[in-house]
Amino acid sequence: MSLPNNFNSSGFSIHNQEYLLTKNSVNQLKSWPKFKLASYTLYIHKECSIAAHITQTTTIILLGEAYDYRHPEYSNTDIIKHMCKEGTLEEILDETNFLSGVFLIFCAIQDDVYVVPDFCASREAHFLNSSEDYIAVGSSLEILELVKVIEKRNKMISEESMKHEDDSSTNLRIESNHYLDLKLKKNIRFYPYKVLPKRDFDTVIKESSHILPNILKAIVEREKRVMMGLTAGWDSRLLLAASKPNVSSFIFFLNTYAKKNSADTKIAIKLALHLGLTFLSVYTSKSLTSKNFDKIAEFKKNFPYFKSITGGVSETARNFFPDVGKLTGKKLAILTGNTKHIPTINLYDQWLLQNHDIFDQTKYRTLDFFYLEVVLSKRIRQSLFEAHAQNVSMILPFNCRHLIDLFLSIPANLRDKQNSVFHRTLIQTLWAETLHEPINPSIKKRIIQIMQRIKVYSLYRKLLISSQFVLNNLK
């Protein structure tokens, strides 16, 4: 029986960050390091970053890189050793709230096995409801094909009959703020589960201005070659401000995909000169497309031995979607620009049905979680998968549940995506000089500032979405 096209005798060929958790023995992956988790075997590509710790009752394996702002000096092994001391699943889940980075945790407590993603579920983690009454988990749908091939081989099904067989197995994905229970064969939400605490604005600024620099400190203590993008945007400016205590450890860069006189280019260069940053401006040919895969390839070509820090996940707390009254799948589709795609609208309706009451009970804003779990998480997973395919490591400092939880406790109108009072105050507190140049300057932004000042912008956004909803229903 032939193997899927992506496989050869030396292993899986897409990229070097692949893994497979299964009960079957997989000869095609025999050259990969493997670990036992109860009755399961975890195969991980030999070039993956792996940390493992085993006690009498608990096994924890961390795939990727995690950083603990409470203990910047901790290695991945230190982090999971600390987790093992906690013992119960609930305590281990609580510990993940304080971690940032890009990681996936495999945990066995006695005979029970769980898979826990980072905050935004940045690493691809698909699972297959096997016909042999267990779950297989893999980094891609392609690698899960191995499980199907082995099962069908074990059943002595001919290759010809496989072409006509109804495939009853189901492919699913581990989602943000959920963990996978392999015994129950399902995703289980573990955040939010408490009512969002009311926090004082100044208290949140103070705590955030401690956490974010410590996350960057943890990164530079472990990583020796780190680069940080510098643009005119909010996320870039906040990271720059937080880098102040360790600014000499970073190389800042800008890939000039747009015109040389764009706001990103002009402001990045002015900031670098004003603050004395180590800065590189890399001009890219006009023939390069704007696709993320091409941008990653360009980074790899220019900086082959460096890891890249990005501002992804920060957008969760920037009030990207306005309040539009009672939420429906159609309204969410208008917000995401998918008004004509019925399957997407149905998916949004299902997501609301499963989750809206949880956010309502815990006083979190449903639209913030919709943006994180449905829109942003997918985008980040795709970006990181493309980066891994080219052997580029990306680091997400904002991918920290506790940090974003702090941000979300600030009223939405104070953390608006265009003119965030909260983010500007936090930047001012961390490093005021980084505001020497404007953030995302534009005529549109000036108009929005005026509308916000006279308190009509929120109403304008609501009316805009409502009119789109009415027009869409008339079609």
Side-chain angles (χ1 to χ4, degrees), residues 17 49 51 60 62-83 86 92-105 116-123 125 174 176-179 190-192 204 207-223 226-229 234-246 249-250 307-318 368 372-373 376-377 379-381 383-384 387-388 392-409 423 426 430:
Q17 295 291 319
S49 175
I60 296 182
L62 189 149
L63 172 62
E65 297 291 343
Y67 307 93
D68 188 337
Y69 72 83
R70 302 166 303 174
H71 306 283
E73 73 283 2
Y74 271 17
S75 64
N76 285 327
T77 302
D78 294 328
I79 288 171
I80 58 175
K81 279 183 178 179
H82 183 70
M83 281 186 175
E86 300 302 324
I92 290 170
L93 293 173
D94 282 343
E95 280 298 304
T96 66
N97 293 336
F98 305 102
L99 304 180
S100 62
V102 175
F103 61 87
L104 193 63
I105 292 172
V116 185
D118 56 34
F119 177 40
C120 77
S122 63
R123 296 191 74 107
I174 303 177
S176 170
N177 299 316
H178 295 69
Y179 68 88
F190 68 94
Y191 170 81
V204 175
E207 190 169 347
S208 302
S209 63
H210 165 74
I211 293 173
L212 198 48
N214 261 25
I215 291 174
L216 295 183
K217 181 181 179 183
I219 292 169
V220 297
E221 290 229 351
R222 189 184 308 173
E223 317 293 349
V226 186
M227 303 195 73
M228 188 186 296
W234 282 100
D235 303 334
S236 169
R237 199 67 57 90
L238 185 51
L239 283 175
L240 172 61
S243 74
K244 184 179 181 181
N246 299 283
S249 300
F250 296 100
K307 293 187 176 183
S308 174
I309 291 180
T310 72
V313 189
S314 168
E315 309 98 303
T316 303
R318 294 234 323 273
D368 290 334
L372 168 68
E373 297 182 358
L376 187 61
S377 182
R379 187 187 307 158
I380 289 175
R381 278 196 302 267
S383 178
L384 286 171
H388 289 155
V392 171
S393 295
M394 299 173 71
I395 303 172
L396 303 173
F398 289 110
N399 195 21
C400 174
R401 189 172 289 108
H402 180 62
L403 178 65
I404 298 300
D405 193 82
L406 280 173
F407 289 6
L408 293 178
S409 67
H423 286 78
L426 182 54
L430 288 165

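Keep in mind that what you see is a predicted model, and the values were worked out from it rather than measured.
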Any donor-acceptor pair under 3.5 Å from R222 side chain to Y74 backbone: yes
Side chain proximity check, E373 to N177, heavy atoms < 4.5 angstrom: yes
Distance in Å, L384 CG paired with S122 OG, rounded so as to fall on 0.5 Å steps: 5.0 Å
Under 3.5 Å: donor-acceptor pair, side chain of E95, backbone of L93: no
Side chain proximity check, I174 to R123, heavy atoms < 4.5 angstrom: no
Nearest-0.5 Å distance, CG of residue L62 to OG of residue S49: 7.5 Å
Check: I395 and Y67 side chains under 4.5 Å, non-hydrogen atoms: yes
H178 side chain vs S176 backbone, donor-acceptor pair below 3.5 Å: yes
Any side-chain heavy-atom pair of N246 and I219 under 4.5 Å: no
Gap separating the OG atom of S75 from the CD atom of E221, nearest 0.5 angstrom: 11.5 Å
Any L396 side-chain heavy atom under 4.5 Å of S100 side chain: no
Exercise: identify the closest heavy-atom pair between P72 and N214: CG-ND2, 4.0 Å
CA sep, side-chain torsions, deciding dist, call: F103, N399, side chain to side chain contact (heavy atoms under 4.5 Å, CB included): CA-CA 10 Å; F103 61 87; N399 195 21; 5.6 Å; no
Nearest-0.5 Å distance, OH of residue Y179 to CD1 of residue I92: 11.0 Å
Chi angles and distances behind the side chain to side chain contact (heavy atoms under 4.5 Å, CB included) call for L430, L238: CA-CA 8 Å; L430 288 165; L238 185 51; 3.8 Å; yes
Heavy-atom side-chain contact between D78 and D68 under 4.5 Å: no
Distance, nearest 0.5 Å, that separates CD1 of I380 from SG of C120: 4.0 Å
NZ on K217 to OG on S243, rounded to 0.5 Å: 14.5 Å
Aromatic ring pairing F119/Y191, orientation class (parallel under 30°, perpendicular over 60°, tilted between): perpendicular
Derivation and outcome, side chain to side chain contact (heavy atoms under 4.5 Å, CB included), residues E65 and V102: CA-CA 6 Å; E65 297 291 343; V102 175; over 6 Å; no
Minimum-distance pair of heavy atoms, taken over all atoms of V220 and S249: CG1-CB, 3.9 Å
Shortest non-hydrogen separation from L426 to S209 and the atoms involved: CD1-N, 3.8 Å
Taking every non-hydrogen atom, the tightest pair across I404 and F398: CG1-O, 3.5 Å
Aromatic plane relationship, W234 with H423 - under 30° parallel, 30 to 60° tilted, over 60° perpendicular: perpendicular
CA sep, side-chain torsions, deciding dist, call: I105, I60, side chain to side chain contact (heavy atoms under 4.5 Å, CB included): CA-CA 7 Å; I105 292 172; I60 296 182; 3.8 Å; yes
Min side-chain heavy-atom separation F250-I309 under 4.5 Å: yes
Donor-acceptor contact present, side-chain N76 to main-chain A66, <3.5 Å: yes
Any D235 side-chain heavy atom under 4.5 Å of T310 side chain: no
Donor-acceptor pair between R379 and S383 side chains, under 3.5 angstrom: no
Taking every non-hydrogen atom, the tightest pair across P245 and A242: CD-O, 3.4 Å
For the student: nearest non-hydrogen atoms of S314 and R318, plus distance: O-CG, 3.7 Å
